[in-house]
Amino acid sequence: MKKIITRFPPSPSGHLHLGGARTAVFNWLYARHMGGTFVFRIEDTDAARSTQASVDGITEAMQWLGIDWDKGPYFQSQRLDIYREHIQKLIDGGHAYYCTCTPAQVEDMRKKAMETGGKPKYDGTCRQKGLAGANGAVVRFKIPEAGVTVLNDAVKGRIVFQNGELDDFVICRGDGTPTYHLAVVVDDITMGVNTIIRGDDHVNNTPKQMLLFQALGSELPTFAHVPMVLGADKTRLSKRHGATSVTAYRDQGILPDALVNFLVRLGWSHGDQEFFTREDLIEKFSLDTIGRSAGVFNPEKLLALNADHIKASSPGKLAEHLMPFLKDAGYQATPGSYLEQAIETLQARSRTLVDMARDIRFYFEDVTVYDEKGEKKLFRREALPPMTCLVEKLDALEDCSHAALEAVFRSVMEETGLGLGKIAQPVRLALTGTTVSPGIFEIIAVLGKEKTIARLKAAIAHIEDTTDR
RNA sequence: GGUCCCAUCGUCUAGCGGUCCAGGACGCCGGCCUCUCACGCCGGAAACCGGGGUUCGAUUCCCCGUGGGAUCACCA
């Protein structure tokens, strides 16, 4: 069994979007599953479109997703000599030729062919000329005139292409730089890549690349073309569909594990299982259960999955991901057990880290304003006796365990003759400033006696100030 | 337009000839639990694109139609 080598080769001309992230995840998972190697390569042969900002952005997104690479990043712009060598090899071997047709001429022949109902392809004008490398001449690959190229795709099965449908594409530009097809194939050969998992928008490129592999005397890799990710309108995912960059999801409070889980499940399945940890994925991922049809991106489901991952995550790990949000909000939060306990009370009720950062506020800041509606409804004079009673009992309490607190509330209920609902709501408003929060015992247990009593007293004073006798 | 791919609930999907009056998940609608909100639990509505074959039997295999997508650069 040979060692599996996969790769992810983005072109640095924008951010890492969901579709790209998914193919990165697939390649990474497959390599990990097979105990293989995952190569990261930057396809920047088009200098005009490539930017350092994109390289940085993509790298950052990969790291956030937790996709680590074993080799690279390689930059095609630094491998020009290697490409030139292979181009020369193709020319020498009669697989490629120089062409001096101008872009305008080629454009023209395509247009004419289109008008007469023919195939819009290069007509082979320079094919037999045996031109020597002239200034500004391009190099074209010589496609076999007859026959077929058969792709045995790992997910789509057997696909047959008529070579006659292909045209002699450019492999080397007038300025001597290689084009995409040439560079990819040479890279994959020289880097030992033997498994290529990519979007199925590449299937039509595949025969050209297969021919290139063969002309260079190299064994064919395994191809696995995975279906596209579409937007709700069933067209290719783009900015129109809202946030599509990976980092945008990070900023919306999505956990990397949730996004990875979601992306993989879009197009791949393992029976009825929906929730996967990273380890789970590595163990179970395989090429043969990748679906064949395109999938629509469904933000609701991502959110639901994110909620599940938040629930399943450890408070410590969540704290790491939450810290940036807390900093942004300006809270005086530091990593540690207080933070983790606070997080624990919110795990079941947060769909995103943004939700959590919002709802965690009262743990870090004193309550200065009360929810208006809640105040009107709950901060009446009837609330005074139970609150006062609670303060007294709390004051005498040694430990603030959940059980002890429950006992305290029970006795307050007995003394005042009120139900828990009548007592808990005003207390909640006093402690959090809102009418919605985690359970009242949980809150007090985390907040501690001091803060709880101080807030209760403040609320009592507030009620006395604002209500009539 | 040529070429290529795809087709199960609104969406993600299970199903690899009979176990399917089609299963799970998200969302939606009821109910339960309950100190609020969630969580959780229980229940419900909701799909095999159409037509031909093949077969004792098609959601599953084949063909055609229809619909959707991808791609046709000196971009990747």
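Letters A, B, ... are given to chains in the order of the sequence lines, protein chains preceding strands, and every chain is numbered from 1.
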Contact class for [X] vs. all strands (heavy atom < 4.0 Å): base, sugar-phosphate, or nothing?
| X | result |
| --- | --- |
| A:Cys99 | nothing |
| A:Glu274 | base |
| A:Gly421 | sugar-phosphate |
| A:Thr45 | sugar-phosphate |
| A:Arg351 | sugar-phosphate |
| A:Gly439 | base |
| A:Phe275 | nothing |
| A:Lys422 | nothing |
| A:Pro438 | base |
| A:Gly267 | sugar-phosphate |
| A:Val138 | base |

Would you say the base of [N] and the side-chain of [X] have a donor-acceptor pair closer than 3.5 Å?
| X | N | value |
| --- | --- | --- |
| A:Arg349 | B:rC39 | no |
| A:Lys301 | B:rC12 | yes |
| A:Arg292 | B:rC6 | no |
| A:Asp44 | B:rA76 | no |

Side chain of [X] - closest among [options]:
| X | options | answer |
| --- | --- | --- |
| A:Ile159 | B:rA70, B:rC39, B:rC5 | B:rC5 |
| A:Asn205 | B:rU36, B:rA76, B:rA70 | B:rA76 |
| A:Glu165 | B:rG2, B:rU13, B:rG40 | B:rG2 |
| A:Val296 | B:rU11, B:rC74, B:rC4 | B:rU11 |
| A:Met228 | B:rA76, B:rG27, B:rA70 | B:rA70 |
| A:Arg428 | B:rC6, B:rC74, B:rU36 | B:rU36 |
| A:Arg140 | B:rU36, B:rA76, B:rC74 | B:rC74 |
| A:Asp200 | B:rC5, B:rC75, B:rG10 | B:rC5 |
| A:Asn204 | B:rA70, B:rA14, B:rC12 | B:rA70 |
| A:Ile440 | B:rU71, B:rC35, B:rC37 | B:rC35 |

May I ask you to evaluate whether [X] reaches the phosphate of [N], defined as a side-chain N or O under 4.0 Å from OP1 or OP2?
| X | N | value |
| --- | --- | --- |
| A:Ser437 | B:rC37 | no |
| A:Lys208 | B:rU71 | no |
| A:Ser293 | B:rG68 | no |

In plain terms, say whether [X] and [Y] are close enough for a salt bridge, that is, a side-chain N and a carboxylate O under 4.0 Å apart.
| X | Y | result |
| --- | --- | --- |
| A:Asp257 | A:Lys317 | yes |
| A:Arg41 | A:Glu43 | yes |
| A:Arg351 | A:Asp308 | no |
| A:Asp81 | A:Arg84 | no |

*Taking CD1 from A:Ile143 and C1' from B:rU3, how many angstroms apart are they, rounded to a whole number?*
14 Å
*To the nearest angstrom, how far is A:Asp308 atom CG from B:rC26 atom P?*
7 Å
Does [N] have a Watson-Crick or wobble partner in any strand here, with both distances under 3.5 angstrom, and which is it?
| N | answer |
| --- | --- |
| B:rU3 | B:rA70 |
| B:rG10 | B:rC26 |
| B:rC16 | none |
| B:rU55 | none |
| B:rG65 | B:rC49 |
| B:rC35 | none |

*Quick one: on RNA chain B, does A:Ser11 or A:Gly291 contact a more 5' nucleotide (nearest heavy atom)?*
A:Gly291
*Select from A:Asp272 and A:Thr179 the residue whose nearest nucleotide in RNA chain B is closer to the 5' end of that strand.*
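Result of the comparison: A:Asp272.
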*Candidate list A:Leu212, A:Val193, A:Val39, A:Thr195, test side-chain contact (heavy atoms from CB on, under 4.5 Å), partner A:Asp188, passing option*: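 Option passing the side-chain contact (heavy atoms from CB on, under 4.5 Å) with A:Asp188: A:Val193.
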*Would one find more than 12 heavy atoms of other residues, nucleotides or ligands at under 6.0 Å from atom NZ of A:Lys377?*
no
*Within 45 degrees of the axis of the six-membered ring of A:Tyr122 and under 6.0 Å from its centre: does A:Arg140 put its NZ or CZ there?*
yes
*If we ignore angles and hydrogens, is there a donor and acceptor under 3.5 Å between the side chains of A:Asn163 and A:Thr149?*
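A:Thr149 and A:Asn163 do have a side-chain donor-acceptor pair below 3.5 Å.
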